[in-house]
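Remember, it's a predicted structure, so these values are computed and weren't measured experimentally. Lettering follows sequence order; numbering is per chain, from 1.
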2 protein chains.
Amino acid sequence: MIKPQFKLDNQLCFRLYTASRLITQAYHPMLAEQGLTYPQYLVLMVLWEKDAQPVNDIAKRLRLETNTVTPLLKRMETEGFLTRSRGREDARQIIVKLTKKGRDLQEKLADVPEAIGSSLLCESVTPATIPSLYAMLDGIIHQLQNKQTNQ
Amino acid sequence: MIKPQFKLDNQLCFRLYTASRLITQAYHPMLAEQGLTYPQYLVLMVLWEKDAQPVNDIAKRLRLETNTVTPLLKRMETEGFLTRSRGREDARQIIVKLTKKGRDLQEKLADVPEAIGSSLLCESVTPATIPSLYAMLDGIIHQLQNKQTNQ
DNA sequence: ATTATTTATATCGTTCACGATGCAAATATA
DNA sequence: TATATTTGCATCGTGAACGATATAAATAAT
């Protein structure tokens, strides 16, 4: 018999993994319309918050490695969403800036967050319960983040 | 100025995406010790629950596509964790069975769920709050699952 | 001023994840 | 029984993720 701790239905990580994949799939048709993937959409959100950032800052904000972000940014540059240029002050840095096409996507995608958000609502996920969901996920992220960086 | 709905800190999906990646990273050292990846560990849990399943049932249980699971299973076969054989009743099916090596991993990994589980605990994530976290994640998964299959 | 170390980014190799498509076995229909 | 459709799995191409490693610029140490 399987040990109970191994039952999939007792696994938090499997739920997170599945929920994350399914939401990404839910985004897909709306983002694909603009030629974007979900990670690319995350990069846009980082740059909409603050334009002209070095690769490292973008990676840190998304908690990704630079070796994940670099090719992602290159693809987005090829698509004309942003530009990559050597930093003048520090020649090691690559400064990433939005193009007009990249900035304009904020208008074109304006309805996406609301569409996704409302599609998730159900009995256990409501405007009243979402703050506690955020708090628990932030707790998990904070907990694991420390573990990583302390080593 | 950025529209507030685009702020990363207001995004549920980004939290799920990050939490999922960080937990997978937390599993990594323990699984790598046995030559496993996290998705491969999920496959093992499916087969520990019920051995000798066709590819399709494993994919459905993990909510993955067969074109993701097939190469995953092939790698696990190469590593000697399982066998793949044509179904006798239905020759289209590939029946996946654990080897002794695959079954024995349940003992070797016995402490993993507890190690991961306890490493996540924090102020907002406690044995008392985890059921509501499960309920919300299950709600999201159920909601999106329906959306997919209804189309 | 040299040399050593750190930092910022990139390259490489492997493993997912998935949309699109292909193929053969099984089943349904004519 | 012949043909059409469905089903189960696989192949292909692209885009992440990430560990390991490389490279060049910046900074620290000698």
Between the protein and nucleotides 4-6 of chain C, which nitrogen or oxygen pairs are less than 3.5 angstrom apart?
none

What protein N or O atoms touch nucleotides 20-22 of chain D N or O atoms at under 3.5 angstrom, if any, and at what distances?
from    : atom 1 : to     : atom 2 : distance (Å)
dA20(D) : N6     : N67(A) : ND2    : 2.8

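When the salt bridge (charged side-chain N to carboxylate O under 4.0 Å, His left out) test is applied to D9(A), the partners found at least two apart in sequence or on another chain are R61(B). Listed by chain and residue number, D138(A) satisfy the salt bridge (charged side-chain N to carboxylate O under 4.0 Å, His left out) test with R15(B) (two or more places apart in sequence, or in another chain). Residues passing the salt bridge (charged side-chain N to carboxylate O under 4.0 Å, His left out) test with R92(B), sequence neighbours excluded: D90(B). When the salt bridge (charged side-chain N to carboxylate O under 4.0 Å, His left out) test is applied to E123(A), no partner is found at least two apart in sequence or on another chain.
Following rounding to the nearest Å, E89(A) (CD) and dT9(C) (P) show an atom-to-atom distance of 13 Å. Put simply, CD on Q93(A) is 18 Å from P on dA24(D), counting in whole angstrom units. Look at NE2 on H28(A): it is 10 Å from P on dA16(D), rounded to the nearest Å. Rounded to whole Å, the distance from CD1 on I94(A) to P on dA26(D) is 12 Å. Per the geometry, CD1 belonging to I23(B) stands 16 Å off P belonging to dA17(D), to the nearest Å.
Toward the 5′ end of DNA chain C lies the nearest nucleotide of D90(A), the other residue of the pair Y17(A) and D90(A) mapping further downstream.
Listed here is the closest heavy atom pair of I95(A) and G87(A): CG1-CA, 3.8 Å. In this structure, E49(B) and L8(A) approach most closely via the heavy-atom pair OE2-N, 3.1 Å.
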Mind listing the side-chain donor-acceptor pairs of residues 105-114 of chain A below 3.5 Å, one per line with the distance, residues two or more places apart or on another chain?
from    : atom 1 : to    : atom 2 : distance (Å)
Q106(A) : OE1    : K3(B) : N      : 2.9

Could you give the side-chain donor-acceptor pairs of residues 31-41 of chain B under 3.5 Å, partners two or more places apart or in another chain?
from   : atom 1 : to     : atom 2 : distance (Å)
T37(B) : OG1    : Q40(B) : N      : 3.3
Y38(B) : OH     : F14(A) : N      : 3.3
Q40(B) : OE1    : T37(B) : N      : 3.4

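Contact check for S132(B) versus M136(A): side-chain heavy atoms found under the 4.5 Å cut-off. Using a 4.5 Å heavy-atom cutoff, the side chains of L16(B) and L137(B) are in contact. At least one side-chain heavy atom of L121(B) sits under 4.5 Å from a side-chain heavy atom of I130(B). The side-chain heavy atoms of L133(A) and I140(B), taken from C-beta on, include a pair separated by under 4.5 Å.
Shown for residues 69-85 of chain B: residues whose heavy atoms fall under 4.0 angstrom of DNA chain C, namely L72(B), R75(B). Within residues 36-53 of chain B, the residues approaching DNA chain C are T37(B), P39(B), Q40(B), by heavy-atom distance under 4.0 Å. Contacts between residues 54-65 of chain B and DNA chain C, defined by a heavy-atom separation under 4.0 Å, are made by L64(B).
Applying the side chain to side chain donor-acceptor pair (under 3.5 Å) test to every pair with at least one member in residues 93-103 of chain A, sequence neighbours left out, gives these pairs: K100(A)-D104(A).
Looking at the side chain of T66(B), the nearest of the listed nucleotides dA10(D), dG19(D), dA26(C) is dA10(D). Picking from dA8(C), dC18(D), dA25(C) the nucleotide with the shortest atom distance to the side chain of T68(A) gives dC18(D).
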